[in-house]
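Everything on this sheet refers to the single structure shown next.
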Amino acid sequence: MKKLPTIFRRKGTAALDLTVGSPLKRILTFMLPMLIGNIFNQLYSMVDTVIVGQTLGSDALAGVGSTGAITFLILGFVSGLTHGFSVVVSQRRGAHDEEGMRKSFATGIALTVVIVSVLTVIALAVTKPLLTAMHTQPDFYPYAYQYLSVIFGGMLLSALSNQFASTLRAIGDSLIPLFFLVFSCVFNASFDCLFIMVFDMGVSGAAAATVLANGISALSVFTYMWIKYPMLRFKPKHFRPNLKRYATHLKLGVPMALQMSVISIGMIVGQTALNAMSPTEIKAYVTATKIDGLATSVLNTAGIATATFVGQNYGAKRYDRIKKGVKQYTIFMIIISLALGATAIALHRPLVMLFISRAERTEALYAGALKYLVFNAGFYILLATLCITRSGLQGMGRGTLALTAAMAEVVMRVGVALIAMHYQSYTIVCMLNCMSWIGANIMLFPAFLATLRKYVPLFKPHAKFLHLPNPSEIPFTQPKEED
């Protein structure tokens, strides 16, 4: 029997090999720690919002909430970049290439540091112009600017935290990132209370707490990785410039980063449309997005799990497992999405009470939040299929196709936002997400099926008329790098 590489034999690690065993069971086992982590993170985000809303007032809450589109524009780009780099690690892991994993990890770090450092300067320079261009209301503007300035100033710490956690997940370890996420959130909540309630730092304190917690998380995760996973212990030689290796990482990282930023452009236009609404409608929208975020974190986790599963099996040339696993997983997540949507709508009233103080609660606020959830939670099934197909393409290295679908999503979002601005309609603003999900699915679903069909038949062929090669006989197309 062939001796397995170190990564498969080493005891005391939580890395899963997703290329063997029952596909659905493996994906769910891998997904569960990430799901708990994302829910915990969303719960922390809700606590963070409760602290801001209850102590600093609803204007501060709306101000911080109005930064969502801008933070997604910048931090979404960074997140997509680091996630794209980790796809290369997952493919090397599936191919049992330990030296390739070291090179990929080192390359990802080098590219992240350089790109994010430049991006930090740009982000700080464009914050004010963006807030002004989005017609941020005067009552909310100071809070939004203070919050963004601190968040963008510490962006590199957030990027490195994402980079290290994504790398762990890429090799199949989704459990340890959960522990460090919980650890980070506890620190974040503690710093929130300290900076806001004791030092009276306002929304800047909330942002500073996030940055500091990200720094602690990055250092902790990296230390753990260095101790537990020898296959990730890079040396100076692994940073040696190699154009082909750097190009391979950028080929996956940049499209995923641009995909997030392109989507955020639509979000900015949507936020601009929202800023033209009444203060009550803005507060209702921001509050509902916090409720929505808890549910959508489950579906977004499904995407991350899909990318790793597909990436490892693509590297191992197990195309048959990709087909089987994605099919089973999609059916499972459709059922979950329906349950999540019904729960979010049913519990909207008590959840709104968490964020808004008793004196500021009105029936108009409840009605506005419910309207948002009807047009979003009611269409979670679209988000579930979108996350799975998009991440499946990324796992197979087809980031450009995912980027194309993101553009379709933006066209839908911008079009609906312009209609909302023309009619001054809050109802149409609430439809932005579901319409963009429809546009992306129209592009992504056929693209995913067409890509998968190159490696394995989608349906059982009639042997009498058609002969297709065994998936293991199909040449592996992942480009090999040069030393």
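Atoms considered below: every heavy atom in the structure, side chains included; atoms not considered: hydrogens, waters and symmetry mates.
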Backbone of [Y] reached by a side-chain donor or acceptor of [X] within 3.5 Å:
X: Ser117; Y: Val113; answer: yes
X: Glu281; Y: Asn275; answer: no
X: Arg233; Y: Trp226; answer: yes
X: Thr289; Y: Val286; answer: yes
X: Ser86; Y: Thr167; answer: no
X: Arg321; Y: Leu18; answer: yes

* Run the side chain to side chain donor-acceptor pair (under 3.5 Å) check on Asn441 and Thr385 step by step: do they pass? -> CA-CA 7 Å; Asn441 270 296; Thr385 56; 2.9 Å; yes
Once rounded to the nearest 0.5 Å, what's the spacing between atom [atom1] of [X] and atom [atom2] of [Y]?
X: Leu340; Y: Asp292; atom1: CG; atom2: CG; result: 10.5 Å
X: Leu393; Y: Thr389; atom1: CG; atom2: OG1; result: 6.5 Å
X: Ser204; Y: Gln146; atom1: OG; atom2: CD; result: 4.5 Å
X: Ile122; Y: Phe152; atom1: CD1; atom2: CZ; result: 11.5 Å
X: Leu148; Y: Lys128; atom1: CG; atom2: NZ; result: 12.5 Å
X: Phe379; Y: Ser436; atom1: CZ; atom2: OG; result: 11.5 Å

Using every non-hydrogen atom in the two residues, find where [X] and [Y] come nearest and quote the distance to one decimal.
X: Tyr329; Y: Met31; result: OH-SD, 2.7 Å
X: Ser166; Y: Thr82; result: CB-O, 4.3 Å
X: Thr127; Y: Ala123; result: OG1-O, 2.8 Å
X: Lys324; Y: Pro23; result: CD-CG, 4.0 Å
X: Phe77; Y: Ala257; result: O-CB, 3.1 Å
X: Phe375; Y: Met431; result: CD2-CG, 3.5 Å

Check the angle between the aromatic planes of [X] and [Y] and answer parallel, tilted or perpendicular using the 30° and 60° thresholds.
X: Phe222; Y: Phe164; value: tilted
X: Phe195; Y: Phe199; value: parallel
X: Trp437; Y: Tyr380; value: tilted

* Asked: Between Leu299 and Ser337, does a side chain to side chain contact (heavy atoms under 4.5 Å, CB included) hold up when you go through it step by step?
  -> CA-CA 7 Å; Leu299 306 179; Ser337 66; 4.1 Å; yes
* Asked: Step by step, would you call Asn376 with Asn433 a side chain to side chain donor-acceptor pair (under 3.5 Å)?
  -> CA-CA 7 Å; Asn376 287 267; Asn433 286 334; 2.8 Å; yes
* To do: Under the side chain to side chain contact (heavy atoms under 4.5 Å, CB included) rule, what do Ser220 and Ile216 come out as? Steps first, then yes or no, please.
  => CA-CA 6 Å; Ser220 302; Ile216 294 174; 4.1 Å; yes
Minimum side-chain heavy-atom gap [X]-[Y] below 4.5 Å:
X: His83; Y: Asn162; answer: no
X: Met396; Y: Phe448; answer: yes
X: Ser149; Y: Tyr145; answer: yes
X: Ile151; Y: Leu75; answer: yes
X: Ile74; Y: Leu130; answer: no
X: Asp173; Y: Tyr229; answer: yes
X: Asp192; Y: Met197; answer: no

* Distance-only polar pair, side chains of Thr308 and Ser90, donor-acceptor under 3.5 Å -> no
* To do: Give a yes-or-no answer on whether the side chains of Thr19 and Gln312 include a donor-acceptor pair shorter than 3.5 Å.
  => no
* Asked: For Arg93 and Asp17, what are the C-alpha separation, side-chain angles and deciding distance, and is it a salt bridge (Lys or Arg N to Asp or Glu O under 4.0 Å)?
  -> CA-CA 9 Å; Arg93 199 265 201 228; Asp17 182 2; 3.7 Å; yes
* Near Phe445 CZ, under 6.0 Å, is it more than 12 heavy atoms from other residues, nucleotides or ligands? -> no
* Structure fact -> Which of Ser184, Ser161, Ser158 passes side-chain hydrogen bond (donor to acceptor under 3.5 Å, both in side chains) with Ser217? Answer is Ser161
* Thr107 pairs by side-chain hydrogen bond (donor to acceptor under 3.5 Å, both in side chains) with which of Arg245, His238, His249? -> Arg245
* **Steps toward ring pair (Phe, Tyr, Trp, His ring centres under 6.0 Å) verdict (Phe191, Phe187)** => CA-CA 6 Å; Phe191 291 143; Phe187 266 99; 5.6 Å; yes
* Derivation of the side chain to side chain contact (heavy atoms under 4.5 Å, CB included) call for Glu99 and Lys103 -> CA-CA 6 Å; Glu99 184 65 11; Lys103 291 178 181 179; 3.9 Å; yes
* **Cation-pi check, Arg102 onto Phe234 ring (under 6.0 Å, within 45° of axis)** => no
* Residue from Ile27, Thr29, Leu28 passing side chain to side chain contact (heavy atoms under 4.5 Å, CB included) with Lys25 -> Thr29
* Identified side chain to side chain contact (heavy atoms under 4.5 Å, CB included) partner of Arg92 from the options Ile171, Val87, Asp97 -> Asp97
* For Leu365 and Leu370, what are the C-alpha separation, side-chain angles and deciding distance, and is it a side chain to side chain contact (heavy atoms under 4.5 Å, CB included)? -> CA-CA 9 Å; Leu365 190 69; Leu370 177 60; over 6 Å; no
